[in-house]
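No experiment lies behind these values; they were computed from the predicted model shown. By convention in this document, chain letters (A, B, ...) are assigned in the order of the sequence lines, proteins followed by strands, and residues within each chain are numbered from 1.
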Amino acid sequence: MRAINRVLLLKMTLLLGALLLSGGAQAVLTIEITKGVKGALPIAIVPFGWSAPSAAPENMAGIVAANLARSGYFAPLPEGELPSRPHEAAAVRFSEWRMVRVDNLVIGKLELLGPDSYQVKFHLFDVYKGRSLAGYSYRTNRRGLRRVAHQISDIIYEQLTGKKGVFSTSIAYITTVRRGGGTRYSLSVADADGHNEQIILESSQPLMSPAWSPDGKRLAYVSFESGRSAIYVQNVETAQRTRIVGFKGINSAPAWSPDGSRLAFTSSRNGNADIYLLDLASRKLTRVTTSRAIDTEAAWSPDGGSLVFTSDRGGSPQIYRVAVGPSGPTGKPRRVTYEGRYNARASFSPDGGRLVMVHRGGAGFQIAVQDLRGGQVSIIADTRLGESPSFAPNGDMVLYATEIRGKGVLEAASVDTRTRQRLGFARGDVREPAWSPL
Amino acid sequence: MGRYLLIAVLLHLVLFTILMVRFDWWSSESPPATAAIQAVVVDRLPQRDPQPPAVERDREQEEIRKREEKRKQEERKRVEAERLRKEREQAERRAAEEKRRREIELAERKRAQQEEQRRAEEARRKAEEEKRKKAEQEARRKKEEEERRKRAEEERRRREAQRRRREEELKSLLAAEEEFLEGERRRKNQAELERYIERVRSRVESRWREPPNAREGMSTTVRIRLSPSGEVLVVKTVQSSGDAVFDRSVEAAVRKASPLPLPSDTAILPNFPEMNFKFIKES
């Protein structure tokens, strides 16, 4: 990088010299900039105006700021450093925002229109250009204010990064609460920031491995409610649920095909854990792996043409990839991971170019991303007990579980900037997060 | 000349020797021949005339007297002839002597004459030599004089050339100095410009946040206009990346960098109040 820059500088200098010698009247000095800063984009998010004398029902600016900060791409200006607090575009003096060196400014206001009826308006400004980049108005109820804040975050994110925001998406996860003599397991769905939690299933028996359907409406998961493992599919809105797989032995790790027509899962119905495919419409079962080793934790490639799974057929858990067609596997599994003695629980990035997985490194079980073209492995979260990583639907972040002082927590790490944010949960051990589709 | 002298001496010596030898030869050879003849004649006479008989004495006497007379006469004649011969010989000898003396004298005279001639010749030669030497000396003097003059002239010319050369050198030295200073000024300006560019670059770079969606090869060029104090007054996108977010990040970076540093001399900047920035996303 340095060398390249030096060469470039040299070239530039030569070019410049030629330019100077030629002394052309029309020649304008051109300076090349090839290196920017990787840091977060400074942004000011002014607390939204609120007309009523009571406290605002939701801290809209706070939600937006937290969302943007969690992505790793933004550095919201601390509230105490705001030079002013305009709520209207007309009140914005760009010079003072330039003074505090923020690139962008978000202002807005919240108005009570009627009983449980609110209007939210916001503007996003380019401080240096001195103009508005986006401005929207929403009408919602009290419960919808958070969602509106996430939507505003998405708009800002997309405007300023050129990528889709994922703040309006949901995460599903398993919470374990020990109370008295018993343990309660629950399957919950929350906003991507961990707020707005809704328990969709509770059980005294273990619940495991929630998996979103591609349309984001259903969850497949493993429940031991019948005394042994079985795979269920439940509609998130209606809570309607169906047992899909209940073979003898282990039934685990469900994964939806990208078109939503099939479910890949692990079964030991033939005595040994192998990967199977179940066609949800025809109930047709296809065996994908036949090794004597344990094959589990299947995940689909975004194009639906292959599966990755964890197998210890080589002696230690590693990731393998197998091509699949409509009637089952179309090739032999090929090993994908070679770095380290332990790689497990892989899943694809939305563009299919990378895998995120649990990688056993020096410090413990880390969250690692492997580039499928070059094969390079990079640790994006140096956790001691990281587990169940999955990409955000825009591919910018990875959600995973880890343990802090014996308690399971969820964290989100940005893939590029390597920032880590813990998602706040009030209660219990939180494990096995799954990020919903967009 | 010495050789002639030697030859003359040798010639005289030879001549003298020859004369001496001949004289000796004459004096030692000739008389014995004469003496032998005399001796023969004297010795033969008694043997030939034994004692005549007495009868005849008178006549014989007469005869004897007559013969005696005759002999006496002959003797006289012979003595006379001898005397004449001797006289003649003496005369001859004297004449020869005289002749030789004259010859010697002549030779001597000739030799003296030759000597005189030689001396004269010598003197003449010497005079000529002297004259020649003098002429030569004069010529040499003149030549030396000429050479001295020439040398002086050359020296003068040399000095003149040297002076001119020094002047030239000084002139070219001054020119070189000027050129050096000019180059130095240019280099300084160039260096100043490079430093300035680096300052601007680092200021802008530190304010450019590459947007997350930036892909390798994306590039946006903006033209800016600066106020005299370096404020970025106008930012115009002259070449868009095609991506609004990327373009905006570029404009923001440039505007955030305002005011830009100014060079100590704005003349080093081509088309000064305007400047281009080309932002390129590298790997």
Side-chain angles (χ1 to χ4, degrees), chain A residues 1 4-5 8-10 12-17 19-43 71-75 94 98 101-104 126-131 133 157-164 394-396 414-417, chain B residues 186 189-191 193-194 196-215 218-225 232 235 238 243-246 248-258 260 263 268-283:
Chain A
M1 183 74 185
I4 287 167
N5 275 341
L8 235 144
L9 184 75
L10 190 75
M12 255 268 327
T13 307
L14 290 176
L15 193 120
L16 203 96
L19 191 140
L20 283 182
L21 288 176
S22 70
Q26 291 308 306
V28 175
L29 179 67
T30 296
I31 299 178
E32 284 191 2
I33 307 291
T34 57
K35 189 174 64 175
V37 287
K38 282 277 187 233
L41 182 69
I43 188 168
S71 74
Y73 289 135
F74 294 90
F94 292 110
R98 286 186 199 126
R101 305 223 166 276
V102 292
D103 286 41
N104 298 98
D126 183 321
V127 167
Y128 290 96
K129 260 191 166 152
R131 66 177 181 85
L133 294 175
Y157 189 89
E158 192 168 355
Q159 274 290 325
L160 301 184
T161 68
K163 298 173 120 185
K164 284 240 175 270
N394 66 358
D396 283 355
S414 63
V415 177
D416 288 353
T417 59
Chain B
R186 225 182 5 246
N189 279 357
Q190 181 70 23
L193 183 57
E194 278 164 27
Y196 172 69
I197 286 170
E198 255 334 285
R199 264 158 68 213
V200 171
R201 190 209 308 280
S202 81
R203 188 171 169 88
V204 173
E205 268 181 359
S206 67
R207 284 159 181 81
W208 183 39
R209 216 188 123 277
E210 293 178 24
N213 69 334
R215 289 184 311 276
M218 271 187 172
S219 151
T220 298
T221 303
V222 288
R223 174 160 304 181
I224 64 158
R225 183 183 285 276
V232 177
V235 182
V238 292
D243 182 275
V245 173
F246 192 87
R248 210 162 50 236
S249 79
V250 166
E251 189 175 337
V254 174
R255 287 191 182 277
K256 245 197 259 192
S258 176
L260 289 179
I268 66 168
L269 282 176
N271 221 340
F272 163 62
E274 295 201 333
M275 207 186 283
N276 284 348
F277 285 98
K278 185 174 186 181
F279 286 68
I280 304 160
K281 168 64 181 173
E282 291 196 330
S283 55

Exercise for review: Pick whichever of A:Lys129, A:Arg98, A:Glu158 has the most heavy-atom pairs under 4.5 Å with chain B.
Suggested key: A:Lys129
Practice item. State, with a plain yes or no, whether a side-chain heavy atom of B:Arg248 is found less than 4.5 Å away from one of A:Asp126. Key: yes
Practice item. List the atom of B:Pro211, the atom of A:Leu160, and the distance in Å for their closest heavy-atom pair. Key: CB-O, 4.5 Å
Review point. Would you say the side chain of B:Trp208 lies within less than 4.5 Å of the side chain of A:Lys35, judging by non-hydrogen atoms?
Key: no
Point to revise | Side chains of B:Lys278 and A:Ile33 in contact at under 4.5 Å (non-hydrogen atoms) | key: no
Check your understanding: Are B:Ile280 and A:Glu32 close enough that some pair of their side-chain heavy atoms sits under 4.5 Å apart?
Key -> yes
Review point. Looking at B:Glu210, B:Arg207, B:Arg255, B:Lys256, which makes the most heavy-atom pairs under 4.5 Å with chain A?
Key: B:Lys256
Point to revise | From A:Leu29 atom CG to B:Ile197 atom CD1, the distance as rounded to the nearest 0.5 Å | key: 4.5 Å
Point to revise | Smallest separation among heavy atoms of A:Arg101 and B:Ser258, with atom names | key: NH2-O, 4.4 Å
Review point. After noting the C-alpha distance and the side-chain angles of B:Val245 and A:Gln159, does the key distance pass the side-chain contact (heavy atoms from CB on, under 4.5 Å) rule?
Key: CA-CA 7 Å; B:Val245 173; A:Gln159 274 290 325; over 6 Å; no
Review point. Would one find more than 12 heavy atoms of other residues, nucleotides or ligands at under 6.0 Å from atom CZ of B:Arg215?
Key: no
Practice item. Quick one: pull up CZ in B:Arg209 and OG1 in A:Thr161 and give me the separation to the nearest 0.5 Å. Key: 8.5 Å
Exercise for review: With rounding to the nearest 0.5 Å, note down the distance linking CG in B:Leu260 to CD1 in A:Ile31.
Suggested key: 8.0 Å
